[in-house]
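Reading through the structure tokens given below for one structure.
When a ligand or atom number is given, it counts from 1 through the structure's own listing order.
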Amino acid sequence: MMTTCPPSHDEDNKQEASSQRVQNYSTKELDRKEHVDFMSPKIELCLIQKDSLEHSLYRKFGRILIAREDIDAGEILLIEKAYASVLHQSDIHFNSHRFCVVCQKKKRNDDQSFGEDKICVNDGHNNFRKSKTSISDVSSKDDDHANEERDWMICEDVNCKLLRKLIYRENETVDDENNLLLNYNNSDDSCDGCVYCFLTRIAEECGVEFSLLLLVYRICRKIEFDSNDKNCDSTFYDRIKMENLMSLQTHKDEIYPEHLFLFRKSSERLKQTLFKNDELIDLELLVDTFCRIFVNAHSITHTRWWWNSSNTSSTVENNSNNSSLIINNFFTTSIRSPNTVYSPFFIPISHSDREDHTENSCADFREIGTGLFPMVSMFDHSCSPNCSFQTFDDLKSNMSYSGNVIYVQTVKKVKKGEELCISYIDIMNPTSIRRRELWYSKYFVCKCSRCMSDTEEERYVRAYKCHNSPMMKEFSSSTSRSFSNASTKDLQCDGYLVPIYQCNTLSGETKTDIREYQSKNHVDSETDFNIEHFDEEDYDKALAMFEDIYENVHDPECSELNSTHHDQREIDEEFIQKVSYWKCTKCDCKIDAALQEGEAFMEFERKLNQVILSLDQKISEDNLSVHRLPKNELCEIILSVISELDGIIQSMLELDNYQILSSRIRPHFNHYLLFQLKGKYISMLIKLFEKGCPLLGEANKISEKHIGMIQKGYQYLSDMMHSVKIVFPTYHTEIMLFHCKMLKYLMWMKENDISPNRVEREETVVTEQDLLNSLTDQYNVIVK
Ligand SMILES: C[S@@+](CC[C@H](N)C(=O)[O-])C[C@H]1O[C@@H](n2cnc3c(N)ncnc32)[C@H](O)[C@@H]1O
């Protein structure tokens, strides 16, 4: 029996949804499906029926998963091996040397289990490896053959000489892939009909990616295999997965006609060639499979590790749930070059740092393939999900899973009856961008509670608090002069400044609205949503302002600065350019840098940068020659830098025109500078600890003076966090990282018996419990 959809959300519902950020369903709204064995017993599969148009605009329909009981954060709900998967073709040369081409398991350096054919040792792959069968043999449906080689992957013959050249570059005789493809038909190596060659040819003819075709091929072969009654090799599990797969949405009506055209064309070619004799795999099933992959497939990632944390990551006992919190080491970014001015957020300096393969560092994910996971596909999307999915990675677990196996885990506590959702996209974007991304990549308009909420906080993730807001008064003594369009009535604005193009595009729209918007505005592609939609006037003004400031920054008198302050200047320009394009969604005001006053501030900044630079040089690795200097001397140098920094911070705060400057000229940026100084102060302290200078005095005790410094460091962190929250309230990623950093710092103090509170300060600093609560409740960080 199917029940009807609940009424569209009223105000109360809306508020509740936005505060909880998940949708809750009552028992009577749902049609419960049979419990599916291989999922956690804590999950229930339910159905919400599409009822009326009105409902469908606000509520989702179709299958959803809900929690059958309360679930803790960090619980694994489902582990699933892909129904079928492929390595990405674009990187195939690289990938095939590192991952098994069948199951994407990672090859370790000393791994003897990978054969020359790039396939790992796994019983399930034997048929794949053995197969030398050409496609004509397979399609002939020879019974004997079918019995002998039952694996669904039997038909992929990786022994084709041509393909070995093309994909694995074996015995390469031609320099260039294109040449190889051009010579494809005439080549001596020309294949007499292996699957890869057929697919390569279809990919060329139809303009569809080879890996997509291969995935369609693998899925359909497996469907054929699993639906054959005689195939006792196909387990109950596989058959259920197949049924689920067949019931996944295709969004055929929404998919772009150009895509559908290509899918159909490719499907026709597949049907004429590789599936000629297969009754079950008809044209429509092939087209549907293309669509299902488009809408439902998940990436398979390989985890790359960066910033070494094996020795320093700390484990904190959280008594409330008796599990441990693993925080990565946010402090180890070392200072490499004296020319680099560091962000207070300690973000790794260069991209290459992120690509470090040290096996015990923090993770960065790289997509290596795609797979269809019918059970994981039951999870709906939410922009504030309570579950996450990840590829099982050898490096992270001692379990034997790897490659094309993904798992779904709760990322926060879930109450009985709450919907379980994962996120299909990057949720650190504003609603308009998230919705657009889902629409263009998955063909649906998101109806999660965050997208349906009309609070600005929910809508924008990256936004500045509007200067006209009372909160900003704390940072700004004169507000109105900073804005070009602000009128007096707007002075109490509580809005947000967002990039102009986000002000008027696709924030709360439905699918129909998007279609209408597209046709009215002749929007063809995603790029059309960009900067061209500005008012001409806005654009000219921003441009003129930018040019002016740009000239200042490029003042020939500062040539020295030009060469040494490259990074800082870039930040400068980027910032100015960015805020020039931002305006408030509510009062329509726009940041307008007052240029004359800017001169003085620029001068101040320049001097400050020079000091920072000289400090950086003083403590650069080269300068300190860490390994040779006695520890006490090293300690002294770092301590002297900390004292100098302390002095600069004080003088900056006491500077006569600091107030004026911070209020009128780039107030955010000004604070950023202060953050940077304080950030440096803190990183110096950490450096001190890391270099093995534990601040111990003669009596093996940390001196009072040093305790004061460390406490000041923590106070700075608390202040900075407070400011970041006010000025950038929607910078959730940064705030979350900040929390982690503070927790790490706090742990470090705890280890040395240092209290976070300074004696002379009355204000209390952020406590460990505050940080833990915020991390788990607000930012979905798993606290174990
Ligand atoms: C992978 S399936 C999820 C299971 C799906 N509910 C079903 O019944 O098969 C993805 C599809 O579910 C729907 N969906 C998932 N999350 C949604 C959301 N937040 N808002 C609206 N529709 C959603 C979309 O139609 C999407 O294409």
Which of these, D380, L438, L65, has its nearest heavy atom closest to atom 13 (C) of ligand 1? D380
Counting each atom of ligand 1 from 1 as listed, which ones have a heavy atom of [X] under 4.0 Å away?
X    : value
M378 : 4 (C)
V295 : 27 (O)
Y424 : 1 (C), 2 (S), 3 (C), 10 (C), 15 (C)
F379 : 3 (C)

Quick one: does S382 get within less than 4.0 Å of ligand 1, heavy atoms only? no
Heavy-atom gap I64 to ligand 1 smaller than 4.0 Å: no
Intermediate values then yes/no, ring-ring contact (aromatic ring centres under 6.0 Å, His included), F294 and F263: CA-CA 10 Å; F294 239 60; F263 293 166; 5.1 Å; yes
Whether D288 and K252 form a salt bridge (side-chain N of Lys/Arg under 4.0 Å from carboxylate O of Asp/Glu) is what I want to check. yes
Any heavy-atom pair between the side chains of V216 and L270 that's under 4.5 Å? yes
Taking N or O atoms only and a 3.5 Å limit, does S247 qualify as a polar contact for ligand 1? no
Verify, without hydrogens or angle tests, whether [X] (side chain) and [Y] (backbone) share a donor-acceptor contact under 3.5 angstrom.
X    : Y    : answer
N296 : S377 : no
E80  : I406 : no
R292 : L248 : yes

Side chain or backbone of H251 under 4.0 Å from ligand 1, or both, or neither, by non-hydrogen atoms? side chain
Please report the C-alpha distance between V408 and I422 in whole Å, then the side-chain angles of each, then the deciding distance to 0.1 Å, and finally whether the side-chain contact (heavy atoms from CB on, under 4.5 Å) criterion is met. CA-CA 8 Å; V408 178; I422 55 177; 4.0 Å; yes
